[in-house]
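Keep in mind the model is a prediction, meaning the values are calculated, not measured.
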Amino acid sequence: MIVRSLQEIEDTDRHVRSASGTWESKRIVLAKERVGFSLHETVLYAGTETSMWYANHVEAVLCVEGEAELTNDETGEKHWITPGTMYLLDGHEKHTLRPKTDFRCVCVFNPPVTGREDHDENGVYPLLTEPDES
């Protein structure tokens with residue numbers, strides 16, 4: 001059994017800040033736990049814009065605080081995301097998030113991330129894996 005608090009993740013290698021400066025993420029469960037998914041608490045900062053494309057992952061996002069506009073960059077469709085709203089990128093959609101306020105969410109990724117990922121120039125997380133424990 002693993003028990004882990006957000007407070008103990010603060011300022012460790014599990015507390016990732018994006019190179020773009022638009023978000024930070026506390027990686028609660030990672031690929032090295034070998035449970036088939038990763039779990040993160042992520043904050044996207046008010047007044048920023050982050051374009052993403054999870055070409056290698058499926059992501060579910062549950063907003064727990066704040067408000068943001070989510071745009072499906074492929075269709076132009078816009079959604080207003082508020083606390084209690086979930087979105088699922090089950091089709092690997094290219095999308096942009098524009099937080100009106102600091103936007104705190106809980107995210108689940110499959111396959112799980114290692115914790116070392118950041119968005120590349122296309123908004124993609126590379127598909128990194130952990131070595132087998134043989």
Side-chain ([X]) to main-chain ([Y]) donor-acceptor, under 3.5 angstrom:
X: Asp102; Y: Ala46; result: yes
X: Glu74; Y: Lys94; result: yes
X: Thr42; Y: Ser25; result: no
X: His92; Y: Tyr54; result: yes
X: Arg14; Y: Arg27; result: yes
X: Ser18; Y: Trp23; result: yes
X: Glu93; Y: Gly91; result: yes

[atom1]/[X] to [atom2]/[Y] distance, rounded to the nearest 0.5 angstrom?
X: Cys107; Y: His40; atom1: SG; atom2: NE2; value: 7.0 Å
X: Ser38; Y: His57; atom1: OG; atom2: NE2; value: 7.0 Å
X: Leu44; Y: Cys105; atom1: CG; atom2: SG; value: 5.5 Å
X: Arg104; Y: Glu41; atom1: CZ; atom2: CD; value: 5.0 Å
X: Glu24; Y: Arg17; atom1: CD; atom2: CZ; value: 5.0 Å
X: Leu62; Y: Met86; atom1: CG; atom2: CE; value: 8.0 Å

(request) Could you give me the CA-CA distance, side-chain angles and deciding distance for Glu65 and Phe103, then say whether side chain to side chain contact (heavy atoms under 4.5 Å, CB included) is met? (result) CA-CA 6 Å; Glu65 183 179 332; Phe103 182 82; over 6 Å; no
Specify the closest pair of heavy atoms between [X] and [Y], including all atoms of both residues, with the distance to one decimal.
X: Ile81; Y: Leu70; answer: CG1-CB, 3.8 Å
X: Ala31; Y: Pro112; answer: CA-CB, 3.8 Å
X: Ala68; Y: Pro99; answer: CB-CA, 3.6 Å
X: Gly66; Y: Pro83; answer: O-CD, 3.1 Å

Side-chain heavy atoms of [X] within contact of [Y], under 4.5 Å:
X: Val106; Y: Leu39; answer: yes
X: Leu97; Y: Ser51; answer: no
X: Val29; Y: Val35; answer: yes
X: Val58; Y: Leu88; answer: yes
X: Thr114; Y: Lys32; answer: no
X: Ile9; Y: Arg4; answer: yes

(request) Using salt bridge (Lys or Arg N to Asp or Glu O under 4.0 Å) as the criterion, list what pairs up with Glu49, not counting sequence neighbours. (result)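 For Glu49 the salt bridge (Lys or Arg N to Asp or Glu O under 4.0 Å) partners, ignoring immediate neighbours, are Arg98.
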(request) Decide whether Ile28 and Val108 are clustered together by the hydrophobic rule: side chain heavy atoms of Ile, Leu, Val, Met, Phe, Trp, Tyr closer than 4.5 Å, transitively. (result)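 Same cluster.
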(request) Answer with yes or no whether the hydrophobic clustering places Val64 together with Phe37; edges join I, L, V, M, F, W, Y residues whose side-chain heavy atoms lie under 4.5 Å apart. (result)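 Same cluster: Val64 reaches Phe37 through Ile, Leu, Val, Met, Phe, Trp or Tyr contacts under 4.5 Å.
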(request) Ignoring hydrogens and angles, state whether a donor on the side chain of Thr22 or Thr48 is under 3.5 Å from an acceptor on the partner side chain. (result)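 Note: Thr22 and Thr48 side chains miss the donor-acceptor criterion.
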(message) Below 30° counts as parallel, above 60° as perpendicular, anything between as tilted: where do the rings of His95 and Tyr87 land?
(response)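 His95 vs Tyr87 ring planes: perpendicular.
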(message) Could you check whether Lys26 pairs with Asp11 (Lys NZ or Arg NE/NH1/NH2 to Asp/Glu carboxylate O, under 4.0 Å)?
(response)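 No salt bridge links Lys26 with Asp11.
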(message) Counting neighbours of CD on Gln7 that are heavy atoms of other residues, nucleotides or ligands and sit closer than 6.0 Å, is the number greater than 12?
(response)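 Atom CD in Gln7 is not crowded, with 12 or fewer foreign heavy atoms closer than 6.0 Å.
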